[in-house]
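See structure below.
As the structure lists them, so they are numbered: ligands from 1, and atoms in each ligand from 1. Because the structure is predicted, anything quoted here is derived from the model rather than measured. Sequence positions, counted from 1, serve as the residue numbers for this chain.
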Amino acid sequence: MADTASGQILRDKVAIVTGASSGLGRAVAVALAGKGAKVAMAARRMDRLQEVESVIANSGGVSISVKTDVTQRAEVKELVRHTEKTLGPVDILVNNAGTMYYTLMKNVHEDEWEKTVDVNIKGFNNSIGAVLDGMVKRGKGHIVNMSSDAGRRGYLGLAVYSGTKFYVEGLSQAMRNELIGTGIRVTCIQPGDVTTELFQHTTDTEAKEKYDVHEKTKILEPEDVANAVVYAVSQPGHVGVNEILIEPREAPL
Ligand SMILES: NC(=O)c1ccc[n+]([C@@H]2O[C@H](COP(=O)([O-])OP(=O)(O)OC[C@H]3O[C@@H](n4cnc5c(N)ncnc54)[C@H](OP(=O)(O)O)[C@@H]3O)[C@@H](O)[C@H]2O)c1
């Protein structure tokens, strides 16, 4: 039962957050646990997950860490199996793990294109594939997909990344409509620039100098985005928050 009086509005809910070892996923995991959800956190860096686990435990929350490479379908299936055995059936998937490289198409950084597709598309699919059947059988569930404002507009220097986020948007729109009548909700969160480690992977200095402006204006904090996720998953059952576009005030779409 949700305990709204104490603010534990997600008490008894089980959530999986992929990419919880840093940035948005970390903030989302802490926020969901703060509202009473039991959270399974997935990523490749266990030391980082365990640090988040301590933060959550120190605030009286419940979480587990599961080493997972989302590009490996079997590992994501095991993440869900282990979560269900340890915490219970999954109510919420925050499909957040992702990567991004500023790069110009003409510079042909094909390895980076491939890594972006592997995590942002294949890993994204693997995570949905691992939870959806159970949610359909139980007649409830919420899939929160971490899209981007780059899923609404193709950004210069981010062509492949934008393409992956258009994929997230297209799949989410179709899936949301396909799942009418099943009790499952699908939300896309579309943040603009947020202070995370996402910007550290770029090797294409020409693209970075031309188009990466994240240090030039006040951008979002991970907690701003986590608040949007909490809002989406806290609405009454008949409400579908289909998308939330959240931008730095000084950098609108
Ligand atoms: N920061 C922004 O400005 C911004 C804006 C819009 C949307 N987003 C989206 O937000 C999401 C999170 O990004 P972030 O900004 O928080 O970046 P981040 O700090 O770099 O976090 C990325 C997370 O994804 C995980 N990850 C990457 N590859 C993985 C893999 N193969 N398997 C499992 N986990 C993997 C990383 O964990 P490990 O390395 O430990 O595996 C890390 O926890 C992404 O989908 C991104 O596209 C970010």
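- For N95 (side chain) and F124 (main-chain N/O), a donor-acceptor pair under 3.5 Å exists by modelled atom type.
- S172 and N145 share a side-chain donor-acceptor pair at under 3.5 Å.
- For Y101, the side-chain hydrogen bond (donor to acceptor under 3.5 Å, both in side chains) test picks out no residue, with sequence neighbours left out.
- When the ring-ring contact (aromatic ring centres under 6.0 Å, His included) test is applied to F199, the partners found at least two apart in sequence or on another chain are H214.
- Ordered by chain and residue number, the residues placing a heavy atom less than 4.0 Å from ligand 1 are G19, A20, S21, S22, G23, L24, A43, R44, R45, T68, D69, V70, T71, N96, A97, G98, V119, M146, S147, S148, Y161, K165, P191, G192, D193, V194, T196, E197, L198, F199, H201.
- The CD1 atom of I9 lies 5.0 Å from the NZ atom of K35; values are rounded to the nearest 0.5 Å.
- Taking H109 as the reference, nothing meets the ring-ring contact (aromatic ring centres under 6.0 Å, His included) condition, with sequence neighbours excluded.
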